[in-house]
Amino acid sequence: MSGELKRLALRGLLWSVVQSWGGKALTFVLFLVLARLLTPEQLGAAAAVMVVVSFLQILGEQGYGDALVQRQNLQPHEANLPFVVSIASACTLALAVALGAPWIAGAMRAEDLAPYLAVAALGLPLSSLWMFQEAFYRRGLQYRYLAARLLVVTAFAGALAIALAFAGWGTWSLVVQAVLAAGLSAAWMWRRPLWRPSRQFDRASFGEIFAFSRSVTTYRVADFVSARAVELIIITLHGTAALGLYSVGSRIYQTLMQLLSSSVMGVSLSALSRIAHDVDRLRAAYTKTLTIGSAVGTAVFVGVAAVASELTRTVFGERWADSAPVMQVLMLLGAVQCVQFMNGSVFNALGRPHYIALMTIAKASVTLAALALVPAGSAYELAVVFAVCQLSITPVTYWLVLRLLRMPVRSLLRHGAPFFVSAAVAFAGVQWLRASGLLPPSPVLQLGLLSASYLGVYVVLAALTGWGQLRAVASYLAR
């Protein structure tokens with residue numbers, strides 16, 4: 001990797017972290033406030049609407065953003081036809097949702113959702129607008145502008161949502177927040193565009209771009225189904241209140257997943273695509289990222305799982321206590337996923353997004369079949385089934401990466417096993433301490449003592465078993 005690319009990648013990584021960590025931290029704080037102002041039914045209704053809109057955003061954007069980032073020697077006019085197709089698709093989907101909102105709500109057994117769906121659909125074409133400009137900023141590793149946009153838009157839209165919730169708008173406060181955020185993002189990105197559409201259309205390049213984006217879209221649709229189908233099943237079988245509890249239980253999981261994974265993955269596709277021709281460099285970058293993900297990401301997820309009960313009562317309040325078991329299951333899932341997700345960047349960088357698509361389709365099929373066939377009487381039981389299905393393709397994912405990078409299994413274990421084992425032992429220590437009866441009655445004090453116990457045990461064990469790997473990463477980053 002050249003010196004200039006190193007500087008661009010590190011600067012991009014820094015601002016990607018600012019964008020991801022700052023934006024998600026701010027979003028989480030706003031969600032925490034809104035969770036204390038809204039009822040489980042109101043929060044669950046908004047979550048159901050966002051599930052539908054998020055799925056349609058995938059269909060509207062069609063994966064062109066990643067395709068433009070990955071394409072070598074991209075010419076500006078090559079983005080024109082994908083842009084037109086994406087905007088037309090998003091507008092068509094928005095109109096279809098607005099007209100078919102009563103039918104969609106009826107299929108979800110939540111007829112009251114119809115007006116929320118019709119309004120939320122307005123954000124679909126707005127999202128396609130800003131996603132194209134974002135692709136060109138990502139391609140140039142210019143994450144500083146993206147970070148500023150995310151922080152400002154999130155703060156403004158979130159403040160309005162809180163004001164509306166105080167005024168008694170309920171579910172509408174979250175729907176308005178989503179549409180406003182999409183509109184502000186579009187205005188921000190087009191205020192300083194890196195690319196402007198023209199009337200020059202290149203059908204040959206569109207075919208090549210579409211071939212890549214089709215695989216990305218297939219993957220995203222399958223991943224969405226496997227990751228979010230559980231939410232649709234919850235609202236259909238158990239109602240909006242149950243979905244509200246699940247949303248709170250899964251919120252920290254989703255936030256941490258993006259904080260610890262998306263910030264690196266956002267830059268990794270851009271940077272790894274430039275060294276994909278050199279397997280030795282790609283292997284070195286992958287192993288270092290694997291070590292960081294295991295040492296930091298896995299430790300954080302397992303730690304939150306260990307104190308899920310105390311954390312839920314302290315952060316969200318006693319009325320959300322039933323969401324703690326859901327949080328614990330999803331956090332243990334995230335302990336594996338935060339490391340595994342780096343595999344997707346390797347596949348994309350090597351021009352093999354179809355690997356991700358095929359595996360995700362398999363995972364989605366397993367998830368849908370299990371959720372439909374395995375009896376589950378609560379959101380917690382559905383979360384357990386969901387977590388097991390999400391891990392069903394993990395061995396295949398690593399087998400493919402090891403084969404592509406020509407890495408032995410022992411190398412994979414050497415970089416990750418010490419930190420997984422250390423986290424597991426620290427988790428067991430927290431369970432023992434909770435069962436000992438030595439903790440004070442206050443949930444806040446319990447959270448502090450249990451967290452300190454977990455951190456202390458993990459740091460000592462990780463230093464003893466993984467010191468060599470940590471030193472190698474520190475040396476690599478210093479260079």
Side-chain angles (χ1 to χ4, degrees), residues 23-24 27 30-31 34 38 41-65 86-132 134 150 153-154 157-158 160-161 164-165 169-187 189 216-217 219-236 240 243-244 246-247 250-251 254-255 258 364:
K24 291 303 173 184
T27 299
L30 294 171
F31 180 84
L34 289 168
L38 303 176
E41 290 81 4
Q42 292 170 334
L43 200 60
V49 171
M50 292 305 112
V51 169
V52 176
V53 172
S54 297
F55 177 73
L56 295 177
Q57 283 178 343
I58 296 173
L59 299 182
E61 198 264 341
Q62 298 184 37
Y64 291 127
S86 178
I87 295 298
S89 300
C91 290
T92 302
L93 289 171
L95 180 61
V97 172
L99 296 177
W103 181 86
I104 297 173
M108 298 169 68
R109 299 183 183 178
E111 288 75 9
D112 294 341
L113 297 183
Y116 304 128
L117 286 168
V119 173
L122 296 174
L124 294 175
L126 296 173
S127 295
S128 290
L129 277 174
W130 65 259
M131 286 180 182
F132 268 78
E134 182 184 66
L150 179 63
V153 169
T154 300
L160 179 61
L164 293 176
W169 282 49
T171 301
W172 281 113
S173 59
L174 292 172
V175 174
V176 172
Q177 178 189 23
V179 176
L180 179 62
L184 291 176
S185 292
M189 296 307 298
V216 173
T217 302
Y219 154 70
R220 288 181 178 175
V221 168
D223 187 61
F224 183 91
V225 170
S226 67
R228 308 293 294 273
V230 62
E231 298 178 44
L232 294 176
I233 292 176
I234 288 174
I235 190 173
T236 302
T240 54
L243 182 56
Y246 180 88
S247 297
S250 64
R251 190 68 182 196
Q254 294 170 350
T255 301
Q258 295 189 34

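Atom OG1 in T240 sits 12.0 Å away from atom CD1 in I234 (nearest 0.5 Å). Rounding to the nearest 0.5 Å gives a distance of 11.0 Å between CG of D112 and CG of L117. The line from CE of M131 to CD of Q57 is 5.0 Å long, rounded to the nearest 0.5 Å. Atom CG of L56 and atom OG of S127 lie 10.5 Å apart (nearest 0.5 Å). Of the inter-residue distances, the one linking L243 atom CG with I233 atom CD1 reads 12.0 Å to the nearest 0.5 angstrom. Going from atom CD of E134 over to atom OG of S185 covers 8.5 Å, rounded to the nearest 0.5 Å.
Shown here for A165 and L38, the closest heavy-atom pair between the two residues is CB-CD2, 4.2 Å. Across E231 and A47, no two heavy atoms sit closer than the pair OE1-O, 4.5 Å. Contact record, S89 with Q62: OG-NE2, 2.7 Å, taken as the closest heavy-atom pair. Scanning all heavy atoms of the two residues, the minimum distance from A157 to L180 falls at CA-CD2, 4.0 Å. Closest non-hydrogen pair, V153 versus L184, comes out as CG2-CB, 3.8 Å. Considering every non-hydrogen atom in both A110 and I235, the closest pair reads CB-CD1, 4.2 Å.
Just one of L174, T171, V53, V52 meets the side chain to side chain contact (heavy atoms under 4.5 Å, CB included) condition when paired with Y116; it is T171.
Put simply, the side chain of L232 reaches to within 4.5 Å of the side chain of V51, judged on heavy atoms. Under the 4.5 Å side-chain criterion, counting only non-hydrogen atoms from C-beta, V119 is in contact with W172. Y64 is not listed as a side-chain neighbour of S128, based on a closest heavy-atom distance of 4.5 Å or more. Looking at F55 and V221, their side chains come closer than 4.5 Å, going by heavy atoms from C-beta outward. In this structure, the side chains of L34 and F31 stay at 4.5 Å or more apart for every pair of heavy atoms.
Distance alone, capped at 3.5 Å, is enough to place a donor-acceptor pair between the T154 side chain and the L150 backbone.
For T92, there are no side-chain contact (heavy atoms from CB on, under 4.5 Å) partners two or more places apart in sequence or in a different chain.
For residues 88-99, no pair satisfies salt bridge (Lys or Arg N to Asp or Glu O under 4.0 Å), with sequence neighbours left out.
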- Could you check V49 against M108 for side-chain contact (heavy atoms from CB on, under 4.5 Å), going step by step and ending with a plain yes or no? CA-CA 10 Å; V49 171; M108 298 169 68; over 6 Å; no
